[in-house]
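In what follows, a single structure is set out as C-alpha cells and then discussed.
Bear in mind that the values here come from a model prediction, so they are computed numbers and not experimental data.
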Amino acid sequence: MEFAVSSQDSFINEVTEEVRRDRLFRLMRKYGWIAVAFVVLVVGGAAVFEWQRAQARAEAEAAGDALLNALSEDAPEARAEVLAAIDGDSAGRNAIVRLFQAAAEMDAGEDERALATLEGIAVDAEAPSVYRDLAVLKSVMISGAAPEERIARLEPLTRPGNLFRLLAIEQRALAEVELGQTETAIKTLNGILADAEQTEGLRRRASWLIVALGGTPEDA
C-alpha cells in the first residue's frame with residue numbers, strides 16, 4: 001500500500017514538473033524576446049557609452065594639441081590667426097580658445113579685434129558663465145568706454161559669489177576715480193582691503209591707489 005502511494009506521489013510530481021516545464025517553454029516562446037532585447041540593449045548601450053567616451057577623449061586631446069600648437073607661435077599676430085582658425089567642438093572649449101585669441105590680439109596691439117572677440121564670448125549663451133564673466137571683465141578693461149558704462153557692466157560681476165568679484169570692484173574704483181569721485185573710490189578700495197578673499201597682489205594695488213588718492217589704507 002505504501003509502495004502504491006509512493007508511486008502515485010512520484011507520478012504526480014513528474015506530471016506537475018512536466019506541466020511546469022511546458023508552461024515555462026510556452027512563456028519563453030511568448031516573452032523570451034523581451035529578455036533577449038533587454039540584454040542586447042544593455043550590451044549595446046555599454047558599447048555606445050564606451051565609444052562616446054573614447055570619441056570625447058580623442059576630441060579633447062585633439063583640441064588640446066591644436067591649442068598648444070597655436071600658443072607655440074612666437075609672434076602674437078600669427079598666434080591670433082592660428083587661434084582664430086580653431087573651431088572648438090564644444091561651447092566651453094570654444095570660449096577658452098577665444099579667450100586666448102583675444103589675449104594674442106591684445107599682445108599684437110589689435111584692441112578692436114580683441115574687444116570684438118571678447119564681446120562674442122560675453123553674449124554666447126551656451127558658454128559657461130565663468131568664461132562669459134571673464135570676457136566681460138577683460139572687455140571693460142580695454143574698451144575705453146565711459147566710466148558710467150563700465151560701472152554698469154561690472155555691476156553683475158561685483159555680486160557675492162562671483163569668481164571675479166574683487167577684480168571687478170577694483171575696476172569700479174578706477175572708474176570712480178575717472179568720475180572724480182575720490183572719496184567713493186577710496187571707500188571702494190578699502191572695502192577690498194577688508195575682504196577676506198583679497199590676494200596679496202590686489203591688496204598691494206588697492207593700498208597704493210588709496211595712498212595716491214590721498215587716503216589711508218584701513219588695514220595699514
Side-chain angles (χ1 to χ4, degrees), residues 63-159 162-182 184-186 188-189 191-192 198-210 212-213:
D65 290 342
L67 181 58
L68 289 175
N69 290 334
L71 295 177
S72 67
E73 294 284 348
D74 292 330
E77 296 87 353
R79 192 160 63 248
E81 291 302 324
V82 175
L83 287 165
I86 296 177
D87 183 18
D89 58 355
S90 70
R93 290 176 191 156
N94 188 63
I96 292 172
V97 171
R98 298 298 156 246
L99 285 168
F100 278 109
Q101 178 187 338
E105 289 165 346
M106 284 187 281
D107 289 342
E110 300 177 348
D111 286 356
E112 289 301 319
R113 286 186 60 185
L115 187 59
T117 300
L118 291 169
E119 292 296 345
I121 302 169
V123 300
D124 185 357
E126 295 184 359
S129 60
V130 64
Y131 300 138
R132 296 200 307 269
D133 289 345
L134 180 56
V136 170
L137 180 63
K138 295 293 291 184
S139 65
V140 166
M141 293 171 67
I142 69 170
S143 67
E148 296 93 343
E149 181 182 341
R150 302 207 307 273
I151 290 174
R153 290 204 69 190
L154 289 167
E155 195 278 330
L157 275 61
T158 62
R159 296 170 185 167
N162 190 283
L163 184 62
F164 308 107
R165 180 174 59 86
L166 291 180
L167 292 174
I169 291 173
E170 180 186 29
Q171 291 299 313
R172 185 180 70 191
L174 294 174
E176 290 166 347
V177 171
E178 289 184 43
L179 289 170
Q181 300 172 357
T182 304
T184 301
I186 291 174
T188 298
L189 293 165
I192 294 175
Q198 60 167 297
T199 62
E200 178 59 28
L202 184 55
R203 186 198 64 78
R204 189 165 50 247
R205 292 196 305 273
S207 296
W208 178 86
L209 186 53
I210 290 171
L213 294 172

Checklist entry - What is the minimum heavy-atom distance between Leu213 and Thr182, and which atoms define it? => result O-CG2, 3.8 Å

Checklist entry - Between Thr158 and Leu166, is a side chain to side chain contact (heavy atoms under 4.5 Å, CB included) present by the stated rule, with each step listed? => result CA-CA 7 Å; Thr158 62; Leu166 291 180; over 6 Å; no

Checklist entry - Looking at Arg113 and Glu81, does any basic side-chain N land under 4.0 Å from a carboxylate oxygen? => result yes

Checklist entry - Is there any salt bridge (Lys or Arg N to Asp or Glu O under 4.0 Å) pair reaching into residues 162-178, and which pairs are they, with sequence neighbours excluded? => result Arg150-Glu178, Arg165-Asp195, Arg165-Glu197, Glu170-Arg205, Arg172-Glu176

Checklist entry - Distance from Leu115 atom CG to Glu119 atom CD, nearest 0.5 Å? => result 5.0 Å

Item to check | Spacing of Ile121 atom CD1 and Arg98 atom CZ [to the nearest 0.5 Å] | outcome: 8.0 Å

Checklist entry - How far does CG of Leu154 sit from CZ of Phe164, to the nearest 0.5 angstrom? => result 12.5 Å

Using residues 123-142 as the side-chain source, report each donor-acceptor pair under 3.5 Å to any protein atom, sequence neighbours left out, with the distance given to one decimal.
residue : atom : partner : partner atom : Å
Asp124  : OD1  : Glu126  : N            : 3.0
Arg132  : NH1  : Ala127  : O            : 2.4
Asp133  : OD2  : Asn162  : ND2          : 2.9
Ser139  : OG   : Ala135  : O            : 3.1
Ser139  : OG   : Val136  : O            : 2.8
Ser139  : OG   : Arg153  : NH1          : 3.4

Item to check | With sequence neighbours excluded, residues passing side chain to side chain contact (heavy atoms under 4.5 Å, CB included) with Arg204 | outcome: Glu200

Checklist entry - Are Leu179 and Thr184 close enough, and set up right, to give a side chain to side chain contact (heavy atoms under 4.5 Å, CB included), and what steps lead you there? => result CA-CA 10 Å; Leu179 289 170; Thr184 301; over 6 Å; no

Next on the checklist: Taking the side chain as everything from C-beta on, heavy atoms only, tell me whether Leu167 gets closer than 4.5 Å to Leu157.
Outcome noted: no

Item to check | Heavy-atom pair with the smallest gap, counting every atom of Leu83 and Ala104 | outcome: CD1-CB, 4.3 Å

Item to check | Gap between atom CG of Leu189 and atom CD1 of Ile169 - 0.5 Å precision | outcome: 10.0 Å

Checklist entry - What's the shortest heavy-atom distance between Ala114 and Ala102, and which atoms? => result CB-O, 3.5 Å

Checklist outcome for this item: Closest non-hydrogen atoms of Glu105 and Ala80, given as atom of the first, atom of the second and distance, are CG-CB, 3.8 Å

Item to check | Pro76 to Ala108 - nearest heavy-atom pair and separation | outcome: CB-N, 3.8 Å

Checklist entry - Roughly how far, to the nearest 0.5 Å, is CE of Met106 from CG of Leu118? => result 5.5 Å

Checklist entry - Which heavy-atom pair separates Pro147 from Ala175 by the least distance, and what is that distance? => result CB-O, 3.5 Å

Item to check | Leu174 and Leu209: CA distance, side-chain angles, deciding distance, side chain to side chain contact (heavy atoms under 4.5 Å, CB included) verdict | outcome: CA-CA 9 Å; Leu174 294 174; Leu209 186 53; 3.6 Å; yes

